[in-house]
Amino acid sequence: MSSVMTITDVVQLVGLCALVFIPLGYWLVPRAVAFVRWLRWRLFQARRFRHVGALDDYLKQKN
């Protein structure tokens, strides 16, 4: 077994990338971006929204 890649090996590698990894990335990347946005919103952003006067309502309930 030689450690040198032949032209045939290079062509097969390029073909593999063209047939498998490019379509997979084209399909997967937008879904991954949407999932990360949803996850950030779900974990961090949703807690920041409070209706106006929420603290005042809370304090009135305690007293």
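For clarity, every value in this text was computed on a predicted model and none was experimentally measured. Each residue takes its place number in the sequence, starting with 1. No hydrogens, no waters, no symmetry mates; every other heavy atom, side chains included, goes into these values.
Between G25 and P30, the closest heavy-atom pair is O-CD, 4.1 Å.
For F35, the side-chain contact (heavy atoms from CB on, under 4.5 Å) test picks out W38, L39, with sequence neighbours left out.
Residue L16 holds its CG atom at 10.0 Å from CD1 of I22, rounded to the nearest 0.5 Å.
Under a 4.5 Å side-chain heavy-atom cut-off, the cluster of Ile, Leu, Val, Met, Phe, Trp and Tyr residues that includes I7 is completed by V11. Grouping Ile, Leu, Val, Met, Phe, Trp and Tyr by side-chain contacts under 4.5 Å, direct or through others, puts V33 with V29.
Judged as a side-chain hydrogen bond (donor to acceptor under 3.5 Å, both in side chains), the pairs with a partner in residues 7-23 (not counting sequence neighbours) are, in order, T6-D9. Residue pairs that meet the side-chain hydrogen bond (donor to acceptor under 3.5 Å, both in side chains) test with at least one member in residues 17-37, sequence neighbours left out, do not exist here.
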